[in-house]
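Note on naming: letters A, B, ... go to the chains in the order of the sequence lines (proteins, then strands), and numbering restarts at 1 for each one. No experiment lies behind these values; they were computed from the predicted model shown.
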There are 2 protein chains.
Amino acid sequence: MRDVARAAGVSQATASRVLNGSIRNVRQENVDRVLAAAAELDYTPHLSAQAIARGSTNTAALVVSGVDDPYFSSIAGGVTEAAEAAGLIVTMAVADRSPERELQIVRTLRGMRPRAIILAGSRIDDPGTRDALAQELDAYREAGGSVVLISQHDLPFHTVSIDNYGGARQLARALVGLGYRRFAMVRAHVGLKTSRDRCDGFMDGLGEFNIDIEERFVVKAEFNRRGGSAAARELVRRGLDGTELVFAVNDVMAIGVMTAFRDAGLVPGQDVAVAGFDDIGPAVDVVPELTSVTVPLRRVGLHAMELALSDDHASRIVPVSTNVVLRGSTPRR
Amino acid sequence: MRDVARAAGVSQATASRVLNGSIRNVRQENVDRVLAAAAELDYTPHLSAQAIARGSTNTAALVVSGVDDPYFSSIAGGVTEAAEAAGLIVTMAVADRSPERELQIVRTLRGMRPRAIILAGSRIDDPGTRDALAQELDAYREAGGSVVLISQHDLPFHTVSIDNYGGARQLARALVGLGYRRFAMVRAHVGLKTSRDRCDGFMDGLGEFNIDIEERFVVKAEFNRRGGSAAARELVRRGLDGTELVFAVNDVMAIGVMTAFRDAGLVPGQDVAVAGFDDIGPAVDVVPELTSVTVPLRRVGLHAMELALSDDHASRIVPVSTNVVLRGSTPRR
DNA sequence: TTGAAAGCGGTACCAC
DNA sequence: GTGGTACCGCTTTCAA
């Protein structure tokens, strides 16, 4: 920038004014000269320098637990869209591996002094790590940052809350309404609150009709497609034994379940019904189309970013409702 | 940091040494004091400040044309994995909208002074914008940055080159080998080099057997699932007229094609075969499983990052080979 | 309207 | 080993 100023024959202060900041108090002639010089020298403002001088960045950080997963990539899509609209650059980190990793990521990200940190799908449940995370986030907010959680922690921060419990409960009711009585469930490990809420909702929904699921028909697996397949194989191994419908706590798992069933010679929707949760795009590409619970993922991302930018100091909770969609994978019995 | 130094009773220089930099030339006692003070004050180094002082960041930028697309999210997964391993933070931007947008993004990203800028799936083909992009990237490299392109431009930068042409050609051969003779093709607009290469390869592959595709059986559509569906509907409208197989230039389009066919009362694989390209995860979840050409997307991302970090000055090209996988959607005739 | 100069939060060279 | 100090690239008073 010094070079630009020199080339334009003005002071650096003036150059700064026209290149960024308030153009209005600069004589037109100088504006032009500076702009010309900048173009000539192919000048790009050094964002870090700006950040340090201004005391604030135009960055937002997003932590997901996997980009490959349509669930997160849809949310990421919403977040980036909103960020872009607000003129923010988004930095994305994948915490997949472990809670420790997530904690470390947040710590690093904090160093960038982003305007906001958005956490989607954290898997932290271990009290120790969880407190450490909370403290880290708190310190960040203390320093002026804005924190948004997407449907997970019960921590005192802005939260976009997906109605996992309610959606699953509605789903259970709807399925019973279709005539199903004997269920199996594919879930993730207990540490994952999203999975837990969906299970609880589903169970309670069935409970309304005095239906229960036997222990042996509840199988835990990884929270992804592979996990779904593995769980389905496990169910087949244990013996489906009259099970009419398998509920998987998310669509990618449900799709894995369907594929594994097919591989085992069972026709999904016919021999055994399958239902999932999230209503991700591919849900309608499989055969039969997957019954699920719609979660407006992209919108969740948008909301998260909006929340992040609204400088409400009180930690708000934005609820996002879910909606059952019945499709071919759960025909009326 | 000044506070930390003061609290520890040492100079800021020493604090800097222990917090970052070389710990070895500091007396153990002071190391401990500084560390303690830092923990107490919940100190986090200001990355921007470090960047400006050191003259370099630990950031890498990734530009994709859509996060929702499994193609890009797989690549993004690879990139972030490699970045993480190298201790880099990745900044992701979505250029979806337009070439101008992409150009603008690169310009902004450049301001962050990332170590590398990785461009995946750019859609720029308009000579004007394209040159502007090239110039922008060149200036960036001139300033010490490292540029990596993923399978698209023929620009003088590091490139991870996916063998689109060869893969499509192999696919064509394999399909003819299965007994197919009458083809239709679903492609994106001409500006998209990836699509173009795949079309060319496929055509040339058929050409080896003196098979051609009539103009009316080639339909252009958006490079996504919706585009695929629309194209399939268009084909049905025009009259399939004996078409035995539809080749879509990527899997998401192919999946869209299958779903649309099914909606039109046609059974994919039976009434009309379908083949795609990329071999994304969901390819094996649809029924029948989709014949495709495997592209090791995640690995592509890893390679890209490696290329970015290898400070080879000569612009290298890393070829990534592709591999035909025949599945149920294209049964032997 | 413009320029000089004092930072912003660190790093690193240099002398002690 | 340690501290003083000159920057890094830019913003923003403050005076002129």
Side-chain angles (χ1 to χ4, degrees), chain A residues 1-35 37-38 41-59 107-115 139-140 143-145, chain B residues 1-35 37-38 41-59 89 108-115 139-140 143-145:
Chain A
M1 175 164 151
R2 204 182 37 236
D3 299 342
V4 173
R6 196 169 302 160
V10 300
S11 76
Q12 195 177 320
T14 299
S16 172
R17 282 189 270 257
V18 8
L19 258 13
N20 315 294
S22 43
I23 320 179
R24 42 175 198 265
N25 329 329
V26 181
R27 204 191 318 158
Q28 184 57 41
E29 185 195 327
N30 281 336
V31 173
D32 297 340
R33 299 170 60 119
V34 171
L35 255 24
L41 274 61
D42 209 345
Y43 168 82
T44 311
H46 193 303
L47 264 30
S48 291
Q50 288 194 156
I52 192 182
R54 293 214 249 252
S56 76
T57 62
N58 54 338
T59 302
R107 202 161 282 160
T108 307
L109 253 27
R110 198 144 89 77
M112 299 189 71
R113 303 290 189 274
R115 283 252 247 280
Y140 169 68
Chain B
M1 176 164 152
R2 202 181 41 235
D3 299 344
V4 173
R6 195 170 301 161
V10 301
S11 76
Q12 195 178 320
T14 299
S16 173
R17 281 190 271 257
V18 11
L19 260 12
N20 314 294
S22 43
I23 320 180
R24 43 175 197 267
N25 326 331
V26 181
R27 203 191 318 157
Q28 186 58 42
E29 186 195 328
N30 282 336
V31 173
D32 296 341
R33 299 171 59 119
V34 171
L35 254 24
L41 276 59
D42 210 345
Y43 168 82
T44 310
H46 193 303
L47 264 30
S48 291
Q50 288 193 156
I52 192 181
R54 294 214 248 251
S56 76
T57 62
N58 53 337
T59 302
I89 293 178
T108 307
L109 253 27
R110 200 144 87 77
M112 300 189 70
R113 304 290 189 273
R115 285 251 247 279
Y140 169 67

Nearest-0.5 Å distance that lies between atom [atom1] in [X] and atom [atom2] in [Y]:
X	Y	atom1	atom2	answer
Thr44(A)	Leu19(A)	OG1	CG	10.0 Å
Asn30(B)	Gln28(B)	CG	CD	9.5 Å
Ile52(B)	His46(B)	CD1	NE2	10.0 Å

Cationic N near anionic O, under 4.0 Å, Arg110(B) to Asp42(A): yes
OP1 or OP2 of dG4(D) versus the side-chain N and O atoms of Ser11(B): is any pair under 4.0 Å?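 For dG4(D), neither OP1 nor OP2 has a side-chain N or O of Ser11(B) closer than 4.0 Å.
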Non-hydrogen side-chain atoms of Met112(A) and Ser48(B) separated by less than 4.5 Å: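 No, too far: nothing below the 4.5 Å cut-off.
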Within the structure provided, determine whether Ser16(B) and Met1(B) are in side-chain contact (heavy-atom separation under 4.5 Å). yes
Using the C1' atoms of the five pairs at each end, what is the angle between the end axes of the helix from dT1(C)-dA16(D) to dC16(C)-dG1(D), to 10°?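 If I round to tens, the end axes sit 40° apart.
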A correct 5'-to-3' footprint of nucleotides 9-16 of chain C, with B, S and - meaning base, sugar-phosphate only and no protein heavy atom under 4.0 Å, is BBBBB---
For [Y], does its backbone N or O pair with a side-chain atom of [X] as donor and acceptor, under 3.5 Å?
X	Y	answer
Arg115(B)	Thr59(B)	no
Arg17(B)	Ser22(B)	no
Tyr140(A)	Pro114(A)	yes

Atom-pair distance ([atom1] on [X]; [atom2] on [N]), nearest Å:
X	N	atom1	atom2	answer
Asn25(A)	dC14(D)	CG	C1'	14 Å
Arg6(A)	dG9(D)	CZ	P	12 Å
Arg24(B)	dT2(D)	CZ	C1'	16 Å

The correct set of residues in residues 26-35 of chain A placing a heavy atom under 4.0 Å from DNA chain C is Val26(A), Arg27(A), Asn30(A)
Given the rule in the side-chain contact (heavy atoms from CB on, under 4.5 Å) test, do Leu47(A) and Thr57(A) qualify, once you have shown the distances and angles that lead to the verdict? CA-CA 8 Å; Leu47(A) 264 30; Thr57(A) 62; over 6 Å; no
